[in-house]
Amino acid sequence: SVYKEISRDTASEFCDDAHYAVGQIHEVRAENDSALSDYMGIIDAMPRSEYLVAANIRAAQCLMYRHEYSNALTRLAAADDIITRDSLNSLNKEWRSPTSYAPGTEESRDMATYLRGECLHALGLYDGALKEFTQLRLRPDLRTDVRDRSSFASGTSLLRSEEHTSELQ
């Protein structure tokens, strides 16, 4: 396909666009290993890509499908680091961010927080998961679908945390 040809040409200004698009196509086809490879191609070879935050978040999702929750947490931490760095640097009016966030910084941060909660829950770290989900639920401007998923997930983590606590006693 045209995207694959462009993604091979690392000198092309559209190389990261192509990698990201091909990754999304692989995800839709449930070809998560291939999607992960495309997103990691952006992360590893294009550190100034406008897709860097999104690629880290999508890579985390692919890793979660493989039950590689610790590796997914690493990708989510990288996304958070980039968002924080760019937020701090944006205070300097002369500095221009090398990255952009589709659909937006807060939405990207919200997705990373939600996925971090899911990873912590899957690892049996229910109190940590509950903290992440609660942090999201308390945001007044959170999208309704994310609030609903966070509410359900926090309830599940709370139940598991209480079950785990009573098993230990």
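Looking only at atom types and distance, the side chain of Glu118 has a donor-acceptor partner in the side chain of Tyr114 under 3.5 Å away.
No donor-acceptor distance shorter than 3.5 angstrom exists from the side chain of Ser37 to the backbone of Asp33, with no hydrogens or angles considered. For the pair Arg75 (side chain) and Ile57 (backbone), a donor-acceptor distance under 3.5 Å is absent.
Thr156 contributes atom OG1, which lies 8.0 Å from atom CZ of Phe133 (distance to the nearest 0.5 angstrom). Taking CZ from Arg147 and CG from Asp141, the interatomic distance works out to 8.0 Å, rounded to the nearest 0.5 Å. Here Ser34 contributes atom OG and Ile25 contributes atom CD1; the two are 11.5 Å apart, rounded to the nearest 0.5 Å. Annotation: the span from Asp38 atom CG to Glu31 atom CD amounts to 10.0 Å, rounded to 0.5 Å. Rounding to the nearest 0.5 Å gives a distance of 11.0 Å between CG of Leu52 and OG of Ser108. Here CG of Asp145 is found 5.5 Å from CZ of Arg149. Values are rounded to the nearest 0.5 Å.
The heavy-atom pair separating Ile42 from Tyr51 by the smallest distance is CD1-CB, 4.3 Å. Heavy atoms only, all atoms of each residue included: Cys62 and Ala35 are closest at SG-CB, 3.8 Å. Taking all atoms of both residues into account, the shortest heavy-atom contact from Ile43 to Ala59 is CD1-CB, 4.1 Å. Scanning both residues, Met46 and Gly41, for their nearest heavy atoms gives CE-O, 3.7 Å. Listed here is the closest heavy atom pair of Cys119 and Leu73: CB-CD2, 3.6 Å. When all heavy atoms of Ser154 and Leu130 are compared, the pair lying nearest together is O-CD1, 3.3 Å.
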task: Let me see the working for Tyr126 and His121 under ring-ring contact (aromatic ring centres under 6.0 Å, His included), right down to the final yes or no.
output: CA-CA 5 Å; Tyr126 306 117; His121 182 92; 5.0 Å; yes

query: Is there a side-chain contact (heavy atoms from CB on, under 4.5 Å) between Tyr39 and His19 once you walk through the steps?
result: CA-CA 7 Å; Tyr39 299 135; His19 270 280; over 6 Å; no

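Every residue meeting the salt bridge (charged side-chain N to carboxylate O under 4.0 Å, His left out) condition with Glu27, not counting sequence neighbours, appears here in chain and number order: Arg58. Contacts of Arg116 classified as side-chain hydrogen bond (donor to acceptor under 3.5 Å, both in side chains), with partners at least two apart in sequence or in another chain: Asp80, Thr113, Glu132.
Taking the side chain as every heavy atom from C-beta outward, Arg66 and Asn32 never approach each other to under 4.5 Å. Side-chain contact check for Val53 versus Arg109: every heavy-atom pair is 4.5 Å or farther apart. Residues Val22 and His26 meet the side-chain proximity criterion, which asks for heavy atoms closer than 4.5 Å.
Taking hydrophobic clusters as Ile, Leu, Val, Met, Phe, Trp and Tyr residues chained together by side-chain heavy-atom distances below 4.5 Å, Tyr65 does not share a cluster with Leu76.
The existence of a salt bridge linking Asp110 and Arg139 is confirmed by a sub-4.0 Å separation between a basic side-chain nitrogen and an acidic carboxylate oxygen.
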